[in-house]
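Notes follow once the structure below has been shown.
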Amino acid sequence: MIGVGKAKQYANVLDKPLGRGRQEVSLSAFAFLFSEVVQYNQTQVDNIAELERRLEDAGYAVGARVLELLCHREKGNRRETRLLGILSFIHSTVWKVLFGKVADSLEKGTEHEDEYMISEKELLVNRFISVPKDMGAFNCGAFVAGIVRGVLDNAGFPAVVTAHFVPIEGQQRPRTTILIKFAEEVIHREARLG
């Protein structure tokens with residue numbers, strides 16, 4: 001056979017096809033880099049709310065890029081148009097690409113029709129961060145909330161996304177819940193679509 005065992009040579013780097021590439025990052029490298037991001041932002045702010053907002057903004061940029069990449073790779077440049085479809089996409093596909101597994105749970109809020117929750121027993125960004133007592137309830141999950149908001153906004157589902165700790169009975173570390181509160185226009189659009 002012709003060409004067996006030879007790598008195809010490309011004249012220009014732009015001619016190379018977009019492959020999947022290596023999809024794993026060393027956990028210790030990620031933990032170090034993320035802790036440096038948190039420490040840098042901590043020196044730039046005066047309070048915890050501002051620090052969480054800066055982490056969320058950093059996550060938003062990641063979320064926008066992750067959506068573009070996954071829509072290209074997984075869906076042939078198509079995007080979800082339905083609410084449950086985009087939530088399922090985030091819960092399974094996005095979570096698996098970012099954290100190596102599907103999120104622990106996706107639930108609809110019981111009190112409000114426009115609220116959904118993605119829960120994770122041990123969120124990767126909170127695993128290696130020790131929060132000093134003076135920082136109270138600081139949650140690095142704000143970065144992941146920003147990623148989720150970036151995916152949703154760029155897919156046409158504007159929402160307010162926040163990260164919260166939820167205590168688990170009998171466990172030392174609380175569970176992290178990403179609370180998604182969709183804009184009214186999204187709920188109306190979903191109702192019209194049926």
Side-chain angles (χ1 to χ4, degrees), residues 27 30-31 33-35 37-42 44-64 66-67 83-155 157-187 190:
L27 186 57
F30 171 78
L33 181 63
F34 187 71
S35 71
V37 167
V38 171
Q39 287 176 24
Y40 171 76
N41 282 305
Q42 188 177 356
Q44 305 296 312
V45 299
D46 296 328
N47 57 39
I48 294 170
E50 199 175 331
L51 176 58
E52 287 180 343
R53 186 197 54 77
R54 286 182 69 121
L55 287 177
E56 185 182 341
D57 290 346
Y60 184 91
V62 172
V66 164
L67 176 68
L83 185 65
L84 289 178
I86 193 70
L87 287 170
S88 177
F89 175 71
I90 291 169
H91 171 260
S92 59
T93 308
V94 171
W95 224 263
K96 193 175 245 182
V97 166
L98 293 176
F99 305 115
K101 68 181 194 78
V102 175
D104 290 342
S105 69
L106 170 65
E107 304 167 16
K108 183 173 181 166
T110 55
E111 296 177 17
H112 303 286
E113 190 164 316
D114 60 349
E115 288 184 351
Y116 289 82
M117 296 168 277
I118 298 175
S119 295
E120 187 70 41
K121 186 176 180 182
E122 192 172 346
L123 193 61
L124 182 65
V125 296
N126 286 331
R127 189 180 304 169
F128 301 107
I129 301 290
S130 56
V131 179
K133 296 282 185 209
D134 64 326
M135 293 189 74
F138 170 64
N139 189 343
C140 288
F143 180 74
V144 177
I147 293 173
V148 171
R149 189 173 65 90
V151 170
L152 289 170
D153 276 359
N154 287 282
F157 295 87
V160 174
V161 184
T162 53
H164 304 277
F165 284 127
V166 177
I168 303 172
E169 192 174 316
Q171 300 249 341
Q172 181 183 3
R173 295 182 68 105
R175 171 178 75 183
T176 303
T177 298
I178 307 296
L179 179 65
I180 304 164
K181 185 170 180 59
F182 286 101
E184 221 174 280
E185 65 192 65
V186 174
I187 302 302
E190 191 67 20

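Please read all numbers here as calculations on a predicted model, not as lab measurements.
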| request: To the nearest 0.5 angstrom, please state how far the CZ atom of F89 sits from the CG atom of L152. | output: 10.5 Å

| When you look at V38 and F143, which way does the side chain to side chain contact (heavy atoms under 4.5 Å, CB included) test go after all the steps? | CA-CA 10 Å; V38 171; F143 180 74; over 6 Å; no

| query | Do side-chain atoms of H164 reach the backbone of T177 as a donor and acceptor pair under 3.5 angstrom? | reply | no

| remark: Output for pair (K96 NZ, T93 OG1), nearest 0.5 Å, gives 8.0 Å

| query | Considering all heavy atoms of both residues, which atom of A163 and which atom of A145 are nearest to each other, and what is their separation? | reply | N-CB, 4.1 Å

| task | List the steps, then state whether side chain to side chain contact (heavy atoms under 4.5 Å, CB included) holds for I180 with V160. | result | CA-CA 6 Å; I180 304 164; V160 174; over 6 Å; no

| query | Roughly how far, to the nearest 0.5 Å, is CG of L106 from CD1 of I90? | reply | 9.0 Å

| Side-chain heavy-atom pair F165, N139 within 4.5 angstrom cut-off | yes

| message | Is it the case that the side chain of E115 and the backbone of G109 share a donor-acceptor pair, with hydrogens and angles ignored and the cut-off at 3.5 Å? | response | no

Which side-chain N or O atoms in residues 53-61 pair as donor and acceptor under 3.5 Å with protein atoms at least two apart or in another chain?
| unit_1 | atom_1 | unit_2 | atom_2 | d |
| --- | --- | --- | --- | --- |
| R53 | NH1 | D57 | OD2 | 2.7 |
| R54 | NE | N41 | OD1 | 2.9 |
| R54 | NH2 | N41 | OD1 | 3.2 |
| E56 | OE2 | R149 | NE | 2.8 |
| Y60 | OH | D153 | OD2 | 3.4 |

| query | Between E50 and N47, is any pair of side-chain heavy atoms under 4.5 Å apart? | reply | yes

| query | Taking the side chain as C-beta and beyond, is there a heavy-atom pair between I118 and S105 under 4.5 Å? | reply | no

| task | Might you point out which heavy atoms bring N154 and A64 nearest each other, and give the distance in Å? | result | ND2-CB, 3.2 Å

| field | Counterpart residues, ring pair (Phe, Tyr, Trp, His ring centres under 6.0 Å), relative to F182 (two or more places apart) | value | Y116

| message | Please determine whether the number of non-hydrogen atoms from other residues, nucleotides or ligands lying under 6.0 Å from atom NZ of K108 exceeds 12. | response | yes

| query | Do K121 and D104 meet the salt-bridge criterion of a basic N to acidic O distance under 4.0 Å? | reply | no

| Nearest-0.5 Å distance, CZ of residue R175 to CE of residue M117 | 8.5 Å

| request: Using a cut-off of 6.0 Å, state whether more than 12 heavy atoms not belonging to E184 lie near its atom CD. | output: no

| remark: So NE2 of H91 and CD1 of I178: to nearest 0.5 Å the spacing works out to 12.5 Å

| task | Determine the minimum heavy-atom distance between L123 and W95, stating which atoms define it. | result | CD1-CZ2, 3.8 Å

| message | Just checking E113: does its CD atom have more than 12 heavy atoms from other residues, nucleotides or ligands closer to it than 6.0 angstrom? | response | no

| said: Can you give me the closest heavy-atom contact between A155 and L67, atom names plus distance? | reply: N-CD2, 3.6 Å

| What residues, two or more places apart in sequence or in another chain, satisfy ring pair (Phe, Tyr, Trp, His ring centres under 6.0 Å) together with F157? | none

| message | I'd like to check F30 versus L33 (side-chain heavy atoms, cut-off strictly below 4.5 Å). Are they in contact? | response | no

| said: I'd like to know if R127 pairs up with E120 as an ion pair, taking the criterion as any Lys NZ or Arg NE/NH1/NH2 lying under 4.0 Å from an Asp or Glu carboxylate oxygen. | reply: no

| remark: Between the CG atom in L27 and the CG atom in L124, the distance rounded to the nearest 0.5 Å is 5.5 Å

| request: Taking S92 for its side chain and S88 for its backbone only, find out whether a donor-acceptor pair lies under 3.5 Å. | output: yes

